[in-house]
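Note on naming: letters A, B, ... go to the chains in the order of the sequence lines (proteins, then strands), and numbering restarts at 1 for each one. Hydrogens, waters and symmetry mates are skipped; everything else that's a heavy atom, side chains included, is used.
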Amino acid sequence: MIEIGRLAIKTAGRDAGCKCVVVEILDNNYVLIDGGTRRRKCNIIHLEPLNEVIKIKKGASHEEVNAEFKKLKLEVRETKPKETKDRPKKVRKEKKKIEEKGDKGKKKAKKEGKKKSEVKKEEKLSDKLTKEGKKNK
Amino acid sequence: MPAPNKRSRTFRRVYRKVPGGKTVLHYKKRKPSKAKCGKCKAILKGVPRERPYKMRTMAKTKKRPERPYGGALCSKCTREVFKEKARSKK
Ligand SMILES: [Zn+2]
């Protein structure tokens, strides 16, 4: 039953239920199939042969098999190569910059704080002086 | 004594090791029954037996074999189905 050009249905695995054609006989157990399934090696136990036979060469290419399948109006599986998408790359923030920024900010804050406190002290001093002046008056 | 509703065996008991080094007893709801073939009632392989909240977090490909009728029929029955289909077309 199994010969080159024999139509069959795959009964096991991911391609189960898909029609395919035997393209090449590899050894006693394995054949190369193509058509409705992916082009792949397959154990003959996993094939259920049909009555029809297509005329194809031994080791026919995927395009030749496709053309034959389209004549019979059978489904053809076209596998596209995966498109490589541009992913947004993660950019690591440089630690040094952040630290510098943080330090600067802190320093500024400290400076400002100092200034403020100094200013307050001065004010207090001035207040005291004025009060003393009033008392003296 | 555990709480009255946890004294019966409606909850399953799970020993958990906590970060402090102790082993503590946790009470969890029981798992559902195993998935079975729709044709021959055999237990399906590759279908996890988990509560719905855990099934929801799993990927689709982790919950059933990736073939037609995967997760519904066993591999033997799918083969028979496809063989019958092929033979009826002759
Ligand atoms: Zn079954």
> Working note: Lys10(A) + Ile33(A), criterion side chain to side chain contact (heavy atoms under 4.5 Å, CB included); need CA distance, chi angles, decisive distance, verdict.
CA-CA 10 Å; Lys10(A) 207 159 176 300; Ile33(A) 57 167; 3.8 Å; yes
> Can you check whether anything in residues 44-74 of chain B gets within less than 4.5 Å of chain A, heavy-atom wise, and list it by number?
Glu66(B), Arg67(B), Pro68(B)
> Spell out the residues in residues 14-26 of chain B that have some non-hydrogen atom less than 4.5 Å away from a non-hydrogen atom of chain A, in order of number; otherwise answer 'none'.
none
> Are more than 12 heavy atoms from other residues, nucleotides or ligands located less than 6.0 Å from atom CD of Glu83(A)?
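No.
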> I'd like to know if the side chain of Asp27(A) and the backbone of Tyr30(A) have a donor-acceptor N/O pair within less than 3.5 Å.
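Side chain of Asp27(A) to backbone of Tyr30(A), a donor-acceptor pair under 3.5 Å: yes, one is there.
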> Between Lys83(B) and Glu80(B), does any NZ, NE, NH1 or NH2 come within less than 4.0 Å of an OD or OE carboxylate oxygen?
no
> So, are Asp34(A) and Arg77(A) salt-bridged, with charged N and O less than 4.0 Å apart?
no
> Are any side-chain N or O atoms of Glu84(B) and backbone N or O atoms of Val81(B), one a donor and one an acceptor, separated by less than 3.5 Å?
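Side chain of Glu84(B) to backbone of Val81(B), a donor-acceptor pair under 3.5 Å: no, none is there.
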> With a 4.0 Å cut-off, would you call Arg87(B) and Glu48(A) a salt bridge?
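The answer is yes: the pair qualifies as a salt bridge.
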> Tell me if the CZ atom of Arg9(B) is crowded by more than 12 foreign heavy atoms within 6.0 Å.
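Open: at most 12 neighbouring heavy atoms sit under 6.0 Å from CZ of Arg9(B).
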> One thing to verify: whether Glu3(A) and Arg6(A) come together as a salt bridge, which I'm taking to mean a side-chain N less than 4.0 angstrom from a carboxylate O.
yes
